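Worksheet: one structure, shown below.
Computed from a predicted model, the values in this text were never measured in an experiment.
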Amino acid sequence: MKTKTLLFLSLFLTLFSCQQQKKDKVPPIFTGTETDRGEKAIITGKIINRDVYPHVKWLEIELLDFYGNETKHTSPLTEDGMFRFEIYPITTREISFVPVEDRIVIAPGDSLYIEKDFRNIAHTVFEGTSAELNQHINAFRQKYLGRYSQPYELSFSDYKAETKKQYGETLQKLAAFQQQHNTSETFNTWAKKQVALDYYNALFLYPYQHTIRTKKELTGKEREMYYDFVKEFEAGVDNSIIMADNFKAVNVFSRYIIEENHPEFYPQINQPQLGNAHLLGEILEELKSSSTNAYLSQFTFAGFVNALYLYTHKTEWIDSNRVMIDETITDPFLRTTLNNQYNQVKAYKANPRIFSDAVLGNSYGELQGGNSLITDSANVVKHLIDSNPGKVVYVDISATWCGPCMRQMPYSKALHEALAGEPVVFVYLWLDGESERAKNIIPGLELPGIHIALTDKEWQDIVKRFNTRSSIPYYLLFDKNGVMVDFGLHLRPSEPHTKESMEKLLGKSPR
């Protein structure tokens, strides 16, 4: 968009946001206070034939959200298979309820009863509020997987044509399902959104995947022709139901906007340039008015703020720009979910020991729903910390088959050399450390430090304890007292702030 258009839209959104805030008298966000979560929703039910999966002793509901901002609730299963959850969905939204249902839709004030037979996992009985809606969602999802398997090696025109053809066929199947089951308007809204999101996500992902496989990027003219679907996508985004795939779609839409205006943000190694404050400022300003759909602009801006600051446990920029963010984000769901995450990050930064002790097992309590004993030998990170008292410990969780992991290794070596002689321990936890491939590759990296080949049990323990979502590379940073002061992908050694954080823990002034 042209600068004048950006400024006009930004001004329009700001004025609208101010008026909306004054009208609804909503409390400001990012001030440390809790926002109103709305009415409670109650989900109860029963698991029949528990003996089929006797190891399942807990059930978990996840309120799907921005990456790193998901809220989990657990409930034990009683001897007769009963469970109960009390949650605050804030708005009508999809939630994950594995292993009962992959997705259900719940709204504030709902009271839903779910009965699941472990001998017939394809069948679920719903009763109570929104029972018919979720019954229809269950039936439709069994027929519709939402997968687009067109080869990314296809030309952009062929890929787009094949994908559009599948989308049209899916809409026809949906229409037949709606007629057969006499579905409600709420289901029709949900289904239309789900089918469209799968389609648009497939389209958004193609250019990146095509480049990886063919080493060829779309030309400027090809991009212009290919992305003519974006306006259709923008028009379909609203806040009637928060879908799980909304977050994925907004993320890839955000990437599209950034690549159009700042292609330098995503270099060839596909790792965003987080250290350029001026560039980030420009991007944030543009995302505020990235679409003529004001709600989508808010969603896109909120997602980037979450990924850039809250997921990386940084709140200074938010504190300095609180008024602007408050005026930009007016949607209740976006405000509440970001505010909750901000409060959690603030609490963690104020006293990281509480969370650190909990995940390591130092608090003499088990992980919620994890059933991991604190004395479990799989708790490899705790044993490492206990074995290195008085030292800063930097943990790198990687695999030799992971491209992004291996691209970080030269930076890791440089970081080690920069901190040589300091009380720092570099630990490398390898998922494939016992493989012949890894045994041949790792010595050639010439990385001083502790190298451990993780067993499957140790890796699963790490996934549960540190909520890694089975994603690598992943990094953990501990201070001299054995407290985990930071964690996540943003701690990769190529980022300047990683070295600065370690120097701060060592009591040194960053060089």
Side-chain angles (χ1 to χ4, degrees), residues 28-35 37 60 62-74 88 90 274 302-322 325 334-370 372 374 379 381-382 384-385 392-397 427 461-469 471 473-492 495 497-506:
I29 55 176
F30 303 141
T31 60
T33 58
E34 293 292 331
T35 49
R37 296 178 295 174
E60 181 177 271
E62 184 174 27
L63 276 65
L64 302 163
D65 207 325
F66 294 113
Y67 189 77
N69 196 13
E70 301 89 346
T71 302
K72 295 182 179 180
H73 299 266
T74 59
Y88 291 88
I90 304 173
L274 302 181
F304 200 71
V305 168
N306 179 79
L308 201 62
Y309 300 108
L310 295 180
Y311 180 65
T312 60
H313 313 132
K314 296 179 175 65
T315 56
E316 294 79 6
W317 182 87
I318 291 175
D319 292 335
S320 299
N321 294 273
R322 184 182 297 126
I325 303 172
L334 298 176
R335 291 175 67 88
T336 302
T337 188
L338 286 183
N339 190 68
N340 290 345
Q341 181 68 357
Y342 171 85
N343 289 340
Q344 291 178 29
V345 172
K346 275 288 195 181
Y348 170 63
K349 293 184 66 176
N351 190 353
R353 180 178 289 279
I354 296 176
F355 180 73
S356 178
D357 283 351
V359 295
L360 288 178
N362 294 333
S363 56
Y364 301 99
E366 298 180 358
L367 286 175
Q368 191 177 32
S372 301
I374 60 174
N379 193 348
V381 175
K382 175 174 170 54
L384 283 166
I385 300 305
V392 171
V393 180
Y394 179 66
V395 180
D396 180 331
I397 307 170
V427 178
D461 184 80
I462 286 173
V463 171
K464 289 179 181 179
R465 289 183 186 278
F466 303 103
N467 196 25
T468 69
R469 297 172 182 81
S471 177
Y474 201 85
Y475 307 93
L476 312 172
L477 181 61
F478 295 83
D479 67 14
K480 293 180 180 180
N481 297 315
V483 176
M484 186 171 69
V485 295
D486 207 353
F487 55 95
L489 174 61
H490 60 282
L491 280 175
R492 53 184 180 260
E495 289 295 333
H497 65 77
T498 300
K499 178 171 174 284
E500 293 170 4
S501 296
M502 296 176 73
E503 289 176 334
K504 184 176 180 180
L505 295 178
L506 293 166

Self-check item: Under 3.5 Å: donor-acceptor pair, side chain of S356, backbone of P352
Solution: no
Exercise. Would you please test H490 and H313 for side-chain contact (heavy atoms from CB on, under 4.5 Å) and show each step?
Key: CA-CA 9 Å; H490 60 282; H313 313 132; 3.9 Å; yes
Quiz item: In terms of the angle between their ring planes, are Y342 and F30 parallel, tilted or perpendicular, with boundaries placed at 30° and 60°?
Solution: tilted
Quiz item: Is the shortest distance from a Lys or Arg side-chain nitrogen in D486 or K349 to a carboxylate oxygen in the other one below 4.0 Å?
Solution: no
Quiz item: Do the side chains of L505 and K480 get nearer than 4.5 Å, heavy atoms only?
Solution: no
Quiz item: Counting N and O atoms only, with roles assigned by atom type, does the side chain of D479 sit under 3.5 Å from a partner on the main chain of V483, one being a donor and the other an acceptor?
Solution: yes
Quiz item: Looking only at atom types and distance, does a side-chain atom of T71 sit under 3.5 Å from a main-chain N or O of L63, one as donor and one as acceptor?
Solution: no
Exercise. Taking the side chain as every heavy atom from C-beta outward, state whether L310 and Q344 have any pair of such atoms under 4.5 Å apart.
Key: no
Practice problem: Check whether more than 12 heavy atoms from other residues, nucleotides or ligands sit under 6.0 Å from atom CZ of R37, and answer yes or no. | Solution: no
Quiz item: Would you say the side chain of N481 lies within less than 4.5 Å of the side chain of R353, judging by non-hydrogen atoms?
Solution: yes
Quiz item: What is the minimum heavy-atom distance between F466 and V359, and which atoms define it?
Solution: CE2-CG2, 3.8 Å
Quiz prompt | Verdict with supporting geometry, T31 and R322, side-chain contact (heavy atoms from CB on, under 4.5 Å) | solution = CA-CA 8 Å; T31 60; R322 184 182 297 126; 3.7 Å; yes
Quiz item: Between Y309 and W317, what is the ring plane arrangement, given parallel below 30°, perpendicular above 60°, and tilted in between?
Solution: parallel
Self-check item: Non-hydrogen side-chain atoms of I462 and T468 separated by less than 4.5 Å
Solution: yes
Practice problem: Please tell me if the side chains of L489 and E495 come closer than 4.5 Å, counting only heavy atoms from C-beta onward. | Solution: no
Exercise. With rounding to the nearest 0.5 Å, note down the distance linking CD in E34 to OG1 in T336.
Key: 10.0 Å
Practice problem: Examine the side chains of T337 and N69 and answer whether a donor and an acceptor come within less than 3.5 Å of each other. | Solution: yes
Quiz item: Just by distance, do the side chain of N339 and the backbone of T33 share a donor-acceptor pair under 3.5 Å?
Solution: yes
Quiz item: Mind checking whether L384 and F478 have side chains closer than 4.5 Å, heavy atoms only?
Solution: no
Quiz item: Side chains of V345 and N343: does their closest heavy-atom pair fall under 4.5 Å?
Solution: no
Exercise. Flag the pair E500 and K504 as a salt bridge only when some basic side-chain nitrogen lies within less than 4.0 angstrom of an acidic carboxylate oxygen.
Key: no
Practice problem: May I ask you to decide if the ring planes of F487 and Y474 are parallel, tilted or perpendicular, using 30° and 60° as cut-offs? | Solution: tilted
Practice problem: Would you check, one step at a time, whether the test side-chain contact (heavy atoms from CB on, under 4.5 Å) holds for I318 with I325? | Solution: CA-CA 8 Å; I318 291 175; I325 303 172; 4.2 Å; yes
Quiz item: Hey, does the side chain of N379 reach the backbone of L360 with a donor-acceptor pair shorter than 3.5 angstrom?
Solution: yes
Exercise. Evaluate side-chain contact (heavy atoms from CB on, under 4.5 Å) for V392 paired with L506, printing each intermediate quantity in order.
Key: CA-CA 7 Å; V392 171; L506 293 166; 3.8 Å; yes
Exercise. Locate the shortest heavy-atom distance separating N306 from F66; write the atom from each residue and the value.
Key: ND2-CB, 3.3 Å
Quiz item: Any sub-3.5 Å donor-acceptor pair from T74's side-chain atoms to E60's backbone N or O?
Solution: no
Quiz item: Are any non-hydrogen side-chain atoms of M502 and L477 less than 4.5 angstrom apart?
Solution: yes
Exercise. Take D461 and K382, measure what salt bridge (charged side-chain N to carboxylate O under 4.0 Å, His left out) needs, and give me the verdict at the end.
Key: CA-CA 11 Å; D461 184 80; K382 175 174 170 54; over 6 Å; no
